[in-house]
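A single structure is presented below for examination.
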Amino acid sequence: MRGRQISRRSVLKGSLMASVIGGTGSFFGPWKENHAWAQGAKPIKLGLTCDASGQYGNSGQDDFRGIKMAIDEFNAKGGVLGRQVTFITADTETTPATGSRVAERFITREDCTILIGALHSGVANAITQVASKYGVIYMNTNSSAPSEAGENCSRVKFVWDGNGTNFSKASVKNAVDSIGKSWMLLTNDYVWGHTTSAATKAQVEAAGGKIIDNLLVPQNTRDFTAYLLKIQQAKPDVVATAIGGDDIKALREQVAQLKLDGKPAWINNQQDWPDVWGAPDSLFGVFGTTWYHKLQLPGVADFVKKWQAANKDGPIPVPGNVSYNGYMSTRELLRAIERAGSTNNVRIIKELENLKVSATDRMQHFDAHMDPATHQMQQTIYLARRNVKPADNTDLFEIISWTEPKAAADDAAPGKCKLTPYEQVPTVDS
């Protein structure tokens with residue numbers, strides 16, 4: 001069933017995701033709710049805080065596909081603790097104020113006891129503030145600002161993506177040594193951009209390089225001419241970008257048009273698959289990711305087939321890092337509920353804090369684990385570049401390295417993260 005379109009002038013300016021919802025659906029204003037359960041035990045209800053518009057609208061919908069796939073898999077096997085898992089979702093619009101209102105509504109009026117989903121780190125932090133107030137567990141699936149597991153961490157929040165520091169540690173030292181010491185930063189002017197570029201700067205300077213300028217780029221910028229002229233004039237050895245969503249697609253196209261994709265060298269902190277799929281011909285430089293659908297590892301091909309079967313009518317033909325993170329976070333959440341034997345929030349939190357996942361189960365090169373001090377998933381970090389010899393039209397990346405979690409760890413995060421004691425977390429149980 002496809003949701004009807006809702007005017008942006010409707011309540012909370014919500015808009016429905018275009019993704020297909022399985023089962024029988026009910027719609028409430030800007031909300032999309034799934035009621036795919038039989039009569040019996042009260043279901044476990046999740047609130048999915050996924051962007052469907054704004055800078056990260058495309059990635060937000062891909063996040064949703066992965067989340068829903070995990071929910072459907074558990075429901076097909078009888079649910080969790082004998083209870084079906086249901087959800088409600090609304091467009092958080094890549095806007096912190098909207099994310100806050102959606103989270104508040106989901107918790108206080110829709111009886112959601114767990115929230116899942118995020119791309120924009122400002123939105124994720126806004127949702128975190130609401131979730132923390134009520135003690136509701138929040139799975140931050142895809143926002144990658146170092147601050148999310150640092151100064152903006154929370155006892156109720158778990159961060160599933162690699163962050164700017166992780167990707168910088170995997171790439172910067174080698175680039176300083178092999179390419180050059182003169183660097184410029186191109187930074188989206190919000191929390192993820194600031195904290196990611198700060199992490200890059202620290203890594204560059206530690207490796208003996210120098211930042212000659214940091215150009216701040218407002219969100220939703222589409223004309224990068226002025227910035228690219230400054231780069232041409234400065235002649236750095238390397239440009240490191242912290243530009244995301246639709247902005248990075250516009251930047252890539254203009255860099256290619258001006259033939260700047262060869263020199264200087266470019267390091268694009270992370271490239272989300274929905275942004276790459278939208279403009280693959282403009283892909284250039286070296287960039288980070290947490291997963292790729294062509295990894296020659298156990299389970300990957302089978303996961304891709306299952307994802308494709310669940311998303312036959314979707315705009316993207318294969319899963320990427322965003323959908324992968326959405327799936328993995330939801331799967332591990334539901335497994336944690338099963339291990340806890342309870343939906344009590346603190347019991348689930350303790351299970352997640354002790355989470356260890358084998359490389360095979362993660363479909364990555366190295367074992368992964370949740371850092372109990374920061375609540376960030378410690379995982380394999382990949383570097384990639386454009387694949388000039390693709391096996392098919394989806395084979396856009398050439399994976400050039402993989403770094404084990406310990407080597408890419410954000411060492412500063414534990415000193416910045418202050419988790420609330422368990423006894424001070426409000427009790428939540430669905």
Side-chain angles (χ1 to χ4, degrees), residues 144-146 162-272 275-276 279 281-289 381-386 388 397-398 400-401 403 408 412:
S144 52
N163 71 24
T165 300
N166 303 143
F167 293 113
S168 293
K169 290 186 73 171
S171 62
V172 168
K173 186 179 186 306
N174 179 66
V176 170
D177 292 341
S178 62
I179 300 172
K181 299 181 184 300
S182 175
W183 288 53
M184 287 184 72
L185 304 177
L186 199 56
T187 305
N188 255 159
D189 193 7
Y190 78 101
V191 62
W192 168 73
H194 294 167
T195 54
T196 293
S197 283
T200 300
K201 180 176 184 289
Q203 295 298 315
V204 169
E205 292 175 346
K210 180 181 179 181
I211 303 299
I212 62 174
D213 205 352
N214 181 9
L215 306 180
L216 297 180
V217 180
Q219 292 179 77
N220 300 310
T221 292
R222 294 296 175 268
D223 184 357
F224 285 85
T225 304
Y227 304 100
L228 295 177
L229 286 174
K230 288 182 179 179
I231 290 170
Q232 282 182 310
Q233 292 165 359
K235 295 181 171 57
D237 297 317
V238 181
V239 178
T241 72
I243 306 290
D246 290 341
D247 292 8
I248 190 64
K249 287 189 286 186
L251 172 63
R252 290 203 317 262
E253 290 171 357
Q254 290 164 50
V255 168
Q257 289 167 4
L258 291 174
K259 301 187 185 305
L260 291 174
D261 48 338
K263 189 174 182 179
W266 292 79
I267 294 180
N268 301 307
N269 192 268
Q270 181 178 198
Q271 296 280 273
D272 286 336
D275 301 330
V276 173
D281 292 339
S282 62
L283 189 62
F284 63 87
V286 173
F287 48 88
T289 189
I381 298 296
Y382 295 93
L383 293 182
R385 61 190 173 201
R386 182 176 180 176
V388 296
F397 291 0
E398 178 191 359
I400 58 176
S401 71
T403 301

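Quick caveat: nothing in here was measured; it's all calculated off a predicted structure.
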Which distance, rounded to the nearest 0.5 Å, do you find between the CD of Gln270 and the CG of Asn163? 9.5 Å
Would you say that Ser144 contacts Thr196 through its side chain, given a criterion of any heavy-atom pair below 4.5 Å between the two side chains? no
Can you pull the ring pair (Phe, Tyr, Trp, His ring centres under 6.0 Å) pairs that have at least one residue in residues 245-272, sequence neighbours excluded? Trp266-Phe284
Hey, can you pull the donor-acceptor pairs under 3.5 Å for the side chains in residues 176-183, sequence neighbours left out?
| residue | atom | partner | partner atom | Å |
| --- | --- | --- | --- | --- |
| Asp177 | OD2 | Lys173 | NZ | 2.9 |
| Ser178 | OG | Asn174 | O | 2.6 |
| Trp183 | NE1 | Gly180 | O | 2.9 |

For residues 228-238, which residue pairs qualify under side-chain hydrogen bond (donor to acceptor under 3.5 Å, both in side chains), counting only residues two or more places apart or in two chains? none
Within a strict 4.5 Å, meaning less than it, do heavy atoms of the Thr403 and Asn166 side chains meet? no
For Tyr382, the ring-ring contact (aromatic ring centres under 6.0 Å, His included) test, sequence neighbours excluded, returns His365
For Gly193, is there any backbone N or O sitting under 3.5 Å from a side-chain donor or acceptor partner on Asn188? no
Write down the atom of Ala279, the atom of Ser282, and the distance for their closest heavy-atom approach. O-OG, 3.0 Å
From CG (Asp272) to OG1 (Thr289), nearest 0.5 Å: 7.5 Å
Pairs meeting criterion salt bridge (Lys or Arg N to Asp or Glu O under 4.0 Å) with involvement of residues 189-204, two or more places apart: Lys201-Glu205
So, the side chain of Gln203 versus the backbone of Ser168: is there a donor-acceptor pair under 3.5 Å, distance only? no
Go through Val255 and Phe224 one step at a time and tell me if the side chain to side chain contact (heavy atoms under 4.5 Å, CB included) criterion holds. CA-CA 9 Å; Val255 168; Phe224 285 85; over 6 Å; no
side-chain hydrogen bond (donor to acceptor under 3.5 Å, both in side chains) contacts in which one or both residues fall within residues 209-222, not counting sequence neighbours: His120-Gln219, Thr187-Asn214, Arg222-Asp247
With no hydrogens and no angle check, is any side-chain donor or acceptor of Arg252 less than 3.5 Å from a backbone partner on Asp281? no
Any non-hydrogen side-chain atom of Gln254 less than 4.5 Å from a side-chain atom of Asp223? yes
A side-chain contact here means heavy atoms from C-beta on lying under 4.5 Å apart; do Leu228 and Leu251 qualify? yes
